[in-house]
*Asks:* 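Once you've had a glance at the structure underneath, I'll fire off some questions.
A quick note: this is a predicted structure, and the numbers were derived from the prediction, not measured. We name chains A, B, ... by the order of the sequence lines, and we start the count at 1 in each one.
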There are 2 protein chains.
Amino acid sequence: MTLDGLPQHRGGAEELARLLARALLAGRWQPGDAFPRELDLCAHFAVSRNQVRNALASLTATGLLERTAGRGTVVRAVSDWHLLDPLISDWMTGIDSLDPKLVREIFAFRYSAEPVVARLAAEAAEAADLERLEAAFRGMTRTATDPAARGLHAEYDVAFHDAIYLASHNLVWRQMGHLLRPSIIALIQSSQAQREHEGLDDSLTRHGRVLEAIRRRAPAAAERAAREVLLRTAIDLGIVEEAVAEPQH
Amino acid sequence: MTLDGLPQHRGGAEELARLLARALLAGRWQPGDAFPRELDLCAHFAVSRNQVRNALASLTATGLLERTAGRGTVVRAVSDWHLLDPLISDWMTGIDSLDPKLVREIFAFRYSAEPVVARLAAEAAEAADLERLEAAFRGMTRTATDPAARGLHAEYDVAFHDAIYLASHNLVWRQMGHLLRPSIIALIQSSQAQREHEGLDDSLTRHGRVLEAIRRRAPAAAERAAREVLLRTAIDLGIVEEAVAEPQH
DNA sequence: GCCTATTAAATGTCTGACATTTTGGCAAGC
DNA sequence: GCTTGCCAAAATGTCAGACATTTAATAGGC
């Protein structure tokens with residue numbers, strides 16, 4: 001696999017890393033494939049070997065590549081990627097051709113985790129957390145009807161869910177807010193046309209119920225409401241069956 | 001804060017990174033403190049500037065340090081550490097003076113997450129997963145009574161819980177097995193003397209119930225059993241109150 | 001007193017040479 | 001024919017030194 005067709009870049013090892021990472025995430029190389037050698041990358045992008053090595057170091061640290069002296073650089077399997085690394089999340093956002101299997105895996109995780117986080121949030125939320133949640137919800141409401149503000153609406157959506165993780169007041173859960181952005185963006189892009197009419201209103205009221213439950217400090221209700229928010233998408237992705245009627249957990 | 005008292009090292013940027021990271025994780029510097037300059041590190045450890053820069057790059061990538069040209073290197077707040085990065089978990093294992101607050105946070109996460117993971121495992125486990133679980137459980141049983149094999153017992157304990165995450169068959173959950181090792185080791189070290197007599201037998205039967213529930217493909221039972229395994233420690237750490245009698249979730 | 005150059009100090013970058021590891025081929029020897 | 005050993009090629013890893021860039025403090029001019 002060659003380097004043809006990759007976009008230009010304007011300097012900086014970070015941008016080079018981002019560029020290569022997005023090509024990897026988009027599936028341009030298969031696991032086990034050999035990755036181009038350092039000197040070829042230097043030549044192709046007209047950068048110093050330092051830049052290339054720094055960029056490759058990032059890709060190695062996130063589990064995308066494996067390098068061994070003498071042999072070369074090979075692409076690692078998806079199961080080895082550090083999906084929880086903020087760098088990976090950053091690189092993933094906005095990739096149009098993200099592997100649907102990957103989106104499904106990440107959403108399956110969210111569907112299992114976020115209800116629990118909402119429960120914790122209802123137990124631990126303080127004034128500042130409620131303020132964040134309400135601000136994000138107001139933003140979602142304001143941008144719900146305007147089809148031109150879809151990108152902004154997605155940002156508020158991300159902010160809302162991130163606020164839930166923040167409100168859990170747990171160091172580990174808080175870091176998973178990073179995982180949300182690519183997931184939410186991808187889902188919105190893929191399901192934007194499906195139910196343009198009924199979807200948004202419905203989604204908004206469900207989000208509102210989560211906020212309400214957290215404000216009331218009602219853990220069980222928050223857990224249920226959070227599951228309701230994700231349920232529709234979970235059904236669409238085949239993560240749960242349609243018939244599930246809240247099986248008393 | 002100087003570098004006095006840090007152990008020697010035998011070469012390799014990885015080991016230097018590990019050394020510095022463990023000093024950071026042990027609280028040798030406070031958040032906001034200035035970290036030694038590159039050239040000082042070179043002089044102190046008698047290594048090239050390349051080695052130092054590579055080591056510092058790792059610490060920066062994991063959120064332990066923040067570097068800016070011209071100003072220098074400063075230590076970041078604990079809330080900025082990438083606790084989910086495998087490197088961090090690796091560095092954390094075996095630190096004697098790990099911040100108790102950090103242990104508590106990580107265990108609180110486990111207490112909220114692991115029951116859900118056990119549920120998923122009961123739904124998705126296959127033959128290989130059961131084999132892993134049973135092998136780890138056999139190892140725990142075999143090393144339970146021998147006080148000399150405490151280290152080995154801890155390894156089997158880690159393997160058992162990791163097997164649960166693996167059995168969930170979710171890419172994201174699977175990566176959190178890394179988080180277990182330091183958590184389990186630290187807990188065993190701190191609670192080894194507390195209930196030497198009654199603890200091990202009890203813990204063993206509870207682990208057995210998780211295994212049994214997953215084998216029976218009983219999600220609700222698996223979730224309950226996993227919570228039971230962690231409950232005793234959760235009470236000790238003050239994460240839940242003693243009175244909790246399985247409040248129907 | 002405030003603004004502006006200058007300087008010092010730190011991290012960032014480039015370059016070329018060299019070291020190390022891995023792989024494969026080739027040839028001698030049993 | 002098969003193994004063994006050695007050498008060469010190719011890749012990543014390391015080093016050393018000079019230079020660039022950014023930041024903050026400082027001295028000077030008005």
*Asks:* Is it true that A/Arg138 and A/Glu131 make a salt bridge, defined as a side-chain N closer than 4.0 Å to a carboxylate O?
*Replies:* yes
*Asks:* Would you kindly give the CZ-to-P distance between B/Arg53 and C/dG12, to the nearest whole Å?
*Replies:* 5 Å
*Asks:* Calculate the interatomic distance between A/Arg37 atom CZ and D/dG13 atom C1'; express it in whole Å.
*Replies:* 17 Å
*Asks:* Test your reading of the model: is there a side-chain donor-acceptor pair from A/Arg181 to the backbone of A/Val158, 3.5 Å cut-off?
*Replies:* no
*Asks:* Can you tell me which stems DNA chain C forms when a stem means 3 or more consecutive Watson-Crick or G-U pairs under 3.5 Å?
*Replies:* C:1-9 with D:22-30, C:11-19 with D:12-20, C:21-30 with D:1-10
*Asks:* Out of C/dC14, C/dT11, D/dT12, which has the shortest distance to the side chain of A/Thr73?
*Replies:* D/dT12
*Asks:* Just how far, in rounded Å, is C1' of D/dG17 from CZ of B/Arg49?
*Replies:* 10 Å
*Asks:* Quick check: does any side chain N or O of B/His82 sit under 3.5 Å from a backbone N or O of B/Ala61, one acting as donor and the other as acceptor?
*Replies:* yes
*Asks:* Run B/Glu126 and B/Arg132 through salt bridge (Lys or Arg N to Asp or Glu O under 4.0 Å) and show every step you take.
*Replies:* CA-CA 10 Å; B/Glu126 297 175 0; B/Arg132 251 195 307 270; over 6 Å; no
*Asks:* Measure from CD on B/Glu14 to C1' on D/dT12 and round the result to the nearest Å.
*Replies:* 14 Å
*Asks:* Closer to the 5' end of DNA chain C via nearest nucleotide, is it A/Asn50 or A/Thr68?
*Replies:* A/Asn50
*Asks:* If we ignore angles and hydrogens, is there a donor and acceptor under 3.5 Å between the side chains of B/Thr62 and B/Trp91?
*Replies:* no
*Asks:* Heavy atoms from C-beta onward define the side chain here; which of C/dT22, C/dT13, C/dT11 lies closest to that of B/Ala69?
*Replies:* C/dT11
*Asks:* With a 4.0 Å cut-off on N to O distance, would you call A/Glu105 and A/Arg110 a salt bridge?
*Replies:* no
*Asks:* Quick check, are the ring centers of B/Phe160 and B/His207 under 6.0 angstrom apart?
*Replies:* yes
*Asks:* Could you tell me the separation between the CD atom of A/Glu38 and the P atom of C/dT20, rounded to a whole number of Å?
*Replies:* 18 Å
*Asks:* Can you measure B/Arg67 atom CZ to C/dA9 atom P for me and round it to whole angstrom units?
*Replies:* 18 Å
*Asks:* Whole Å only: how far is the CG atom of A/Leu39 from the C1' atom of C/dG16?
*Replies:* 12 Å
*Asks:* Let me know the distance between CZ of A/Phe35 and C1' of D/dT12, rounded to the nearest Å.
*Replies:* 14 Å
